[in-house]
Amino acid sequence: MNHSHVLTMMGGSAPAHRGIVLFSERELAQMRRVGRLAAQLLQHLEPLVQPGVTTQELNDEAARWTEAHGAISAPLGYAPAGLPPFPGSICTSVNEVVCHGIPSPKQVLRSGDIINLDVTPILDGYHGDTSKTFWVGQPSPLARKLVEVTEACLTRGIAEIKPGARIGDIGAAIQEYAEAQGFSVVRDMVGHGVGRQFHTEPEIPHYGQRGTGLKLRPGMVFTVEPMINAGKPGIKILGDRWTTVTRDRQLSAQFEHTVAVTETGVEILTLP
Ligand code: MF3
Ligand code: CO
Ligand code: CO
């Protein structure tokens with residue numbers, strides 16, 4: 001039985017509400033399970049992020065660990081809207097790569113690099129989506145600041161979430177802090193509803209204005225995943241149609257959690 005119900009089914013509804021599901025307690029329990037597994041996968045990978053390792057080796061260990069825990073790697077073969085199937089089991093986004101970096105046996109990490117690992121296991125049909133950016137060996141002062149500010153952006157965005165708050169409040173908090181620190185927010189990639197599907201409504205921009213956008217309600221589940229650039233916000237998608245880089249080739253960092261709106265506030269589902 002599926003206890004999800006569509007928030008607003010038809011006629012007379014605000015279009016922004018269409019298709020957004022509220023999760024039952026039973027489904028939230030499933031999302032907690034897969035969310036914890038996703039967070040534990042990142043925890044498992046973190047010590048492997050060292051100078052000399054390849055992004056393929058990180059990918060392969062993630063794939064092995066995911067399978068060993070009875071889950072499926074959602075990214076592998078994922079092919080939305082006419083895109084070629086994603087060839088990796090995780091995304092490995094190094095330095096100027098904003099997101100959707102493809103693991104490669106030719107890509108060797110070096111001290112001073114930063115790398116985002118974005119993992120999405122599927123457990124019993126539910127997706128848990130989380131990512132972190134790590135530095136490899138010794139970071140430059142700029143790289144360290146960018147990574148620390150980006151994690152704080154995620155924390156500040158999540159802190160806005162409670163029933164009655166609006167989606168714009170999340171982005172506003174992120175944008176205010178990122179720009180105050182001299183960085184910029186990627187506009188072209190957003191957070192998203194997640195559950196039985198990888199990407200659903202609503203979209204969660206990481207910029208915006210307080211008091212605007214859809215009102216949050218208990219039972220909504222979505223990601224917050226700010227991508228913060230050291231330089232300008234512009235991005236470019238490479239010829240492989242996945243790898244997304246900063247137009248100015250300056251550094252970019254990202255952190256992501258899957259969260260649920262509760263009766264009183266927010267629950268982070270992707271904690272170990
Ligand atoms: N995990 C990414 C997100 O946060 C999506 C990756 S799609 C893939 O939405 F195909 F590249 F894996
Ligand atoms: Co996501
Ligand atoms: Co992700």
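Both counts, for ligands and for their atoms, begin at 1 and track the order of listing. Only heavy atoms go into these numbers, but all of them, side chains included; no hydrogens, no water, no symmetry mates. Residue numbers start at 1 and run along the sequence shown. Remember, predicted model here, so these are calculated numbers, not experimental data.
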Inset, instruction - Anything under 30° is parallel, anything over 60° is perpendicular, the rest tilted; go ahead and classify Trp242 against His100. - result: perpendicular
Inset, instruction - Could you label the plane-to-plane angle of the Tyr78 and Phe198 rings as parallel, tilted or perpendicular, counting under 30° as parallel and over 60° as perpendicular? - result: tilted
Legend entry - Glu256 near the Co ion (ligand 2): N/O/S under 2.8 Å: yes
Inset, instruction - Confirm or rule out an N/O/S atom of His199, from backbone or side chain, lying less than 2.8 Å from the Co ion (ligand 2). - result: no
Legend entry - the Co ion (ligand 3) to Asp129: nearest N/O/S atom name: OD1
Whether [X] side chain and [Y] backbone form a donor-acceptor pair below 3.5 Å:
| X | Y | value |
| --- | --- | --- |
| Thr66 | Ser73 | no |
| Thr223 | Glu225 | no |
| His257 | Thr270 | yes |
| Glu57 | Thr54 | yes |

With heavy atoms of [X] as the reference, note each atom of ligand 1 found under 4.0 Å away.
| X | result |
| --- | --- |
| Glu225 | 3 (C), 4 (O), 9 (O) |
| His199 | 3 (C), 5 (C), 9 (O) |
| Thr120 | 1 (N) |
| His100 | 5 (C), 6 (C), 11 (F) |
| Asp118 | 1 (N), 2 (C), 3 (C), 4 (O) |
| Phe198 | 1 (N), 5 (C), 6 (C) |

Legend entry - Residue pair Ser252 / Asn229, side-chain donor-acceptor N/O under 3.5 Å: yes
Legend entry - Closest to atom 11 (F) of ligand 1 (judged by heavy-atom distance), picking from Cys99, Ala79, Pro75, Cys91: Cys91
Legend entry - His199 ring center within less than 6.0 Å of Phe222 ring center: no
Inset, instruction - May I ask you to identify, for Thr223, whether its side chain, its backbone, both or neither come under 4.0 Å of ligand 1 on a heavy-atom basis? - result: neither
Inset, instruction - Identify whether NZ of Lys or CZ of Arg in Arg187 sits under 6.0 Å from the centre of the six-membered ring of Tyr207 and within 45° of that ring's axis. - result: yes
Inset, instruction - Look at the N, O or S atoms of Glu225, main chain and side chain alike, and state whether any lies under 2.8 Å from the Co ion (ligand 3). - result: no
Inset, instruction - Flag Trp242 as yes when one of its N or O atoms lies below 3.5 Å from any N or O atom of ligand 1, and as no otherwise. - result: no
Legend entry - N or O pair under 3.5 Å between Tyr78 and ligand 1: no
